[in-house]
Amino acid sequence: MGTMLDATVDVPVPVETSKLQDADESFPGDKKITVVFVLGGPGSGKGTQCANIVQHFGFTHLSAGDLLRAEIKSGSENGTMIQNMIKEGKIVPSEVTIKLLQRAMRESGNDKFLIDGFPRNEENRAAFEEVIQTSPVPQTKIEPEFVLFFDCSEEEMQQRILGRNQGREDDNIETIRKRFKVFMESSLPVIEYYNSKGKVRKIDAGKPIEEVFEDVKEIFSPYSAQVA
Ligand SMILES: Nc1ncnc2c1ncn2[C@@H]1O[C@H](COP(=O)(O)OP(=O)(O)O)[C@@H](O)[C@H]1O
Ligand SMILES: Nc1ccn([C@@H]2O[C@H](COP(=O)(O)OP(=O)(O)O)[C@@H](O)[C@H]2O)c(=O)n1
Ligand SMILES: [Mg+2]
């Protein structure tokens, strides 16, 4: 299964043309950063399965939605804007979300990340390509190792969200409909983009949690299980 791991031999960006970032915006360290994007409609089970992957494979789980909700709670100056966008099921400008992701990646001290619920549109995807890691090859873009795609029917996703009970302001039928629309119009094209590059690992997410995780485990098996 070496091919999957070798698939991200990143092309170095010429220093003169790349936007050199401040030290705190890039990723120092001596190891290549491994990123897996975890995508799927709202309620498809991304967060649930990421928690399992963390336990078994030593990744750090970063949910873009969780980071945005934490930013609202922290009383940040962007808080009201983020809150309004989430209530409407809209996608927050990439600049905001990427800053939160970068900070969380740095603070984790880890080099393997599950990025859950991002990129959700073309703007998210293109903006993440500007994020640079400084080692082992200086000025290298971060390419996802692969994209884990949880495929689930809207009917099932809607039922799950309505039963989620996390007190989220966007888990109501009106916002759910808007989120499904955004998923179909803006997020699916991102999955299609990665599919055309052979990077999508599609999972039937309509099954029970344990059965979905059996399929997930197979995909992650090259990433040396930490816990049996
Ligand atoms: N395979 C599954 N079968 C039934 N319920 C599930 C499954 N996966 C997750 N859930 C439940 O559905 C809800 C949404 O799951 P979650 O992981 O938060 O999805 P997402 O992050 O994709 O929105 C949660 O209440 C979760 O417990
Ligand atoms: N990349 C992202 C991810 C989430 N979000 C916002 O956060 C909301 C909730 O995202 P989430 O990933 O927690 O939702 P689920 O798919 O887990 O239900 C989205 O509907 C967007 O409003 C965003 O703007 N940009
Ligand atoms: Mg989630």
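Note that ligands are numbered from 1 as they come in the structure, with each ligand's atoms numbered from 1 the same way.
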Spell out, yes or no, whether Phe146 and Phe57 are grouped together once hydrophobic residues are joined by side-chain heavy atoms under 4.5 Å, including indirect joins. yes
Which of the ligand 2 atoms, numbered from 1, are nearer than 4.0 Å to a heavy atom of [X]:
| X | value |
| --- | --- |
| Leu68 | 4 (C), 5 (N), 6 (C), 23 (C), 24 (O), 25 (N) |
| Ile91 | 24 (O), 25 (N) |
| Gly117 | 1 (N), 2 (C), 3 (C) |
| Asn124 | 1 (N) |

Minimum distance, heavy atoms only, to [atom]: which one of [options] is it?
| atom | options | result |
| --- | --- | --- |
| atom 13 (O) of ligand 2 | Met85, Lys46, Arg69 | Arg69 |
| atom 21 (O) of ligand 1 | Cys50, Gly45, Gly47 | Gly47 |
| atom 12 (O) of ligand 2 | Lys87, Lys90, Arg120 | Arg120 |

Region of [X] that comes within reach of ligand 2 [heavy atoms, distance under 4.0 Å]:
| X | value |
| --- | --- |
| Ile161 | neither |
| Asp116 | neither |
| Gln83 | neither |
| Val182 | neither |
| Lys178 | neither |

Is a side-chain donor-acceptor pair under 3.5 Å present for Glu169 with Gln83? yes
Under 3.5 Å, is there a donor-acceptor pair linking the side chains of Thr60 and Asn110? yes
Parallel, tilted or perpendicular: rings of Phe59 and Phe220 (30°, 60°): perpendicular
Inspect the contact between [Y] and [X] and indicate whether a charged nitrogen and a carboxylate oxygen are less than 4.0 angstrom apart.
| X | Y | result |
| --- | --- | --- |
| Lys202 | Asp215 | no |
| Lys87 | Asp170 | no |
| Glu143 | Lys32 | no |
| Glu145 | Arg201 | no |

Between Tyr193 and Arg125, is there a cation-pi geometry (under 6.0 Å to ring centre, at most 45° from the normal)? yes
By side chain to side chain contact (heavy atoms under 4.5 Å, CB included) - contacts of Thr48 (at least two apart): Ile209
Below 4.0 angstrom from a heavy atom of [X], which ligand 1 atoms are there? Numbered from 1 as shown, please.
| X | value |
| --- | --- |
| Lys207 | 1 (N), 2 (C), 3 (N) |
| Gly41 | 22 (O) |
| Thr48 | 9 (C), 15 (O), 16 (P), 17 (O), 26 (C) |

Does at least one non-hydrogen atom of Pro208 fall below 4.0 angstrom from an atom of ligand 1? yes
Does ligand 1 have any atom sitting under 4.0 Å from a heavy atom of Met157? no
Centroid-centroid distance, His56 to Phe213, less than 6.0 Å: yes
Among protein heavy atoms, which lies nearest [atom], and at what distance?
| atom | value |
| --- | --- |
| atom 18 (O) of ligand 1 | Arg164 NH1, 2.9 Å |
| atom 24 (O) of ligand 2 | Val92 N, 2.7 Å |
| atom 18 (O) of ligand 2 | Arg179 NH2, 2.8 Å |

Is there a polar contact, in the sense of an N or O pair closer than 3.5 Å, between Glu156 and ligand 1? no
Tell me, yes or no, whether the heavy-atom count around Glu77 atom CD, taken from other residues, nucleotides or ligands under 6.0 Å, exceeds 12. no
